[in-house]
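Structure record follows, encoded as structure tokens.
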Amino acid sequence: MTFDTILMVDWSGGNDRGATPKKDAIWTCIAGAEPIYHRNRSLAEAYLLEALSEELAAGRRVLAGFDLCFAYPDGFAEPLTGNDDPLALWDWFEARVSDSPDRNNRFHLAAEINAQFPGTGPFWFNALKEDIAHLPRKGMSREGHGLPEFRTTDEGAFSPWQLSGAGAVGGQVIMGLPTLSRLRQSYKDDLRVWPFETPDAPIVLAETYFSLLRELPLDSHDIKDAAQVKEYAELFASLNDEDWQELLKRPRPKTGWVLGRGNEDRLGTYIKPKLKNDCFALPQGVYWTPVDDALAHLQNKLRPAVRSEVVKTIKASGRILAEDALAKRSHPPTPNAAVDGYGFAGPLPNGPSILPLETGRAAPGAPHLEPVPKGKALRILTGAALPEGVNTIVLQEDVEVFGHQLRLNGSLKLGANTRAAGEDIVAKEVVLRSGHKLTPADIGTLTATGVDTVRAMKALRVGVLSTGDELRNTDEPATPDQIFDANRPMLLDIIRRWQMDPVDLGRAPDDREILKRRLTEAAQTCDVILTSGGASGGDEDHMSALLKDTGSFALWRIAVKPGRPLAFGLWDDTPVIALPGNPVAAFVCTLVFGRPALTTLAGGNWSAPTGFMVPAGFAMSKKAGRREFLRARIEDGKVERFVSEGSGRISGLSWAKGLVELPDEAMNIAKGDPVRFIPFGSFGL
Ligand code: AMP
Ligand code: MG
């Protein structure tokens, strides 16, 4: 084994966090042990010294991974230290940072650094009440500091320049480098820092990033930071020598490298998507669970059941991003013309004027390479790059052209009819967030910014199984007491429309042994199994009975109509969602509960479907304590409901164009009262 001990560290730039373990604090974890909370940096540093010394004394090789930028973007170190050695910069910070559990000088130090760079910045976000010279509060106020926003390895959303605000990392970098510097001083030749040094010492420090792998389960602890140090420690501990060789042979830029960046696929093979046996268990004592509680439970307890892969953008529609997608270049890449017209160096003189025309023209893809002299104009077409000397364009409809002269009337603002470089998207900015499901528009946006490939979750394989002795397929003979299996074709189509991977598992009779075999087979090939029928507690409800035997069974009695119990469980670690057999209930349950569950399992961010308040075309009253979904559609600006509330009438689903969602509270609806209509499109159908 390359390393005997893996230690992971999540740092923090804040003050003492108190005795009770909290989020956004310092957490460490040694693989195989439990995460440890450290209320402030000085205690954390003492712990690190103790832990590393113990490993060293025992002759064990340690990798200590810090979720902390080990270096700043290009060009930062040299003006401060006189050279570009990132480790010299650690010592530079060590000499200047003053730190105690209840105060530190990070904002003032950042301001002093800013003062040494031209313009405003690079550091920003003064979170103190007092204004500090040279430290802007807003990122937009910065200009001319001349430094890049990110390092090559930072594909995350936050740059080290941002000192505060949700998710910002800048503060903790300043407050972390001194500790790293002191660790180096303590261990001298027994410690090496990857990637800046060859990792051939008993202690190796490396930079990690705890959002590197979206599919890594983070539910081993209620506090996310604790789960992160634990899960990443376990993951790195499972690597073999060959993996370590690959990881450590990455390019070694002076601006650092995140351990595992570029090796996500290799790391991903060690992730076992596994749900906990009690993940579906609802709080005890609640008989009828409100819909919102049930939805929150699904979102909180479920997590991705699939791994990620790199796919071509052009093939990625409908796929869920497994990491943030960043613009490869700005859009537009260069200032260009927003209209067909004539370009010149603005502003316009007051009143009509004549400008001689320069020969040639600027067209998209055919730039005008010569500068346009002041006082002259050039023919320019929409999308053409602005030639040097042109910053304003007049619409061709607003001018007259006489031979080689242009007559302009009226006034025009400097910069009129031009588009600035990056006015839409700036290079390296996050274009789309991890967890987002790509739409056709996204494919266009990504392509416009030069993104050729994205890391996406693999499509969720959803098995669909119908259960019931009474069911027949339409190509089979059916006696009058038998019914056609409507749920399976319907559910398979829903899955396909949700851009997941439907797997037809056929039908199973009401026979426990056969059902068992079918589930076991299905669990091998599917990421999740959707069944219909046999989910309540009756004599023939074998799905419930089987899941009960696994110890993972949860029968959800949700305060919803149409409802019937919905059952969940795990079969050989594969989640099973057991829907009611009644097609109307199966359909509504799938939209309302199946969608958030499957979306979360697929690695996506789920949000409530968008509804609209529309005047009711009907009158009714409902009792308190249960949410109701009505099959509905809009006619003449009013929302109508299906004639029958009978949940046996599947035709009502075809008649409907969406659902009316009536709140849990009691309601007396008169004609014309606004009610919430959710079109099927909002459910992704
Ligand atoms: P169960 O949940 O098994 O008690 O079934 C409730 C009702 O839904 C019964 O009338 C079943 O016949 C009917 N049903 C169950 N599965 C299906 C299916 N796949 N297609 C159509 N109807 C079904
Ligand atoms: Mg049945």
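First listed ligand is number 1; within each ligand, the first listed atom is number 1.
At under 3.5 Å, a nitrogen or oxygen of Ala486, whether backbone or side chain, sits near a nitrogen or oxygen of ligand 1. For ligand 1, the polar-atom distance check finds an N/O of Asn582 within less than 3.5 Å of one of the ligand's N/O atoms. Residue Gly581 has at least one N or O atom closer than 3.5 Å to an N or O atom of ligand 1. Of the N or O atoms in Asp485, one or more lie within a sub-3.5 Å distance of an N or O in ligand 1.
Heavy-atom separations between Gly534 and ligand 1 include at least one value shorter than 4.0 Å.
Residue-ligand proximity, Ile483 to ligand 1, at heavy-atom distances under 4.0 Å covers atoms 12 (O), 21 (C), 22 (N), 23 (C). Heavy-atom proximity to Pro583, at under 4.0 Å, picks out these atoms of ligand 1: 21 (C), 22 (N). Under a 4.0 Å criterion applied to the non-hydrogen atoms of Phe484, ligand 1 contributes the atoms 20 (N), 21 (C). Using a 4.0 Å cut-off to heavy atoms of Ser466, the atoms of ligand 1 that qualify are 19 (N).
Side-chain atoms of Arg631 and Val584, non-hydrogen and from C-beta on, do get closer than 4.5 Å to each other.
Ring centers of Tyr232 and Phe210: under 6.0 Å apart, within the cut-off. The ring of Phe642 has its center no closer than 6.0 angstrom to the ring center of Phe618.
Using modelled atom types, one finds no donor on one side chain facing an acceptor on the other under 3.5 Å when comparing Arg433 with Asn605. Counted by atom type alone, Thr574 and Asp572 present zero donor-acceptor pairs between their side chains at under 3.5 Å. Checking Ser308 against Arg455 by side-chain atom types alone, a donor-acceptor pair falls below 3.5 Å. Checking Trp556 against Thr289 by side-chain atom types alone, no donor-acceptor pair falls below 3.5 Å.
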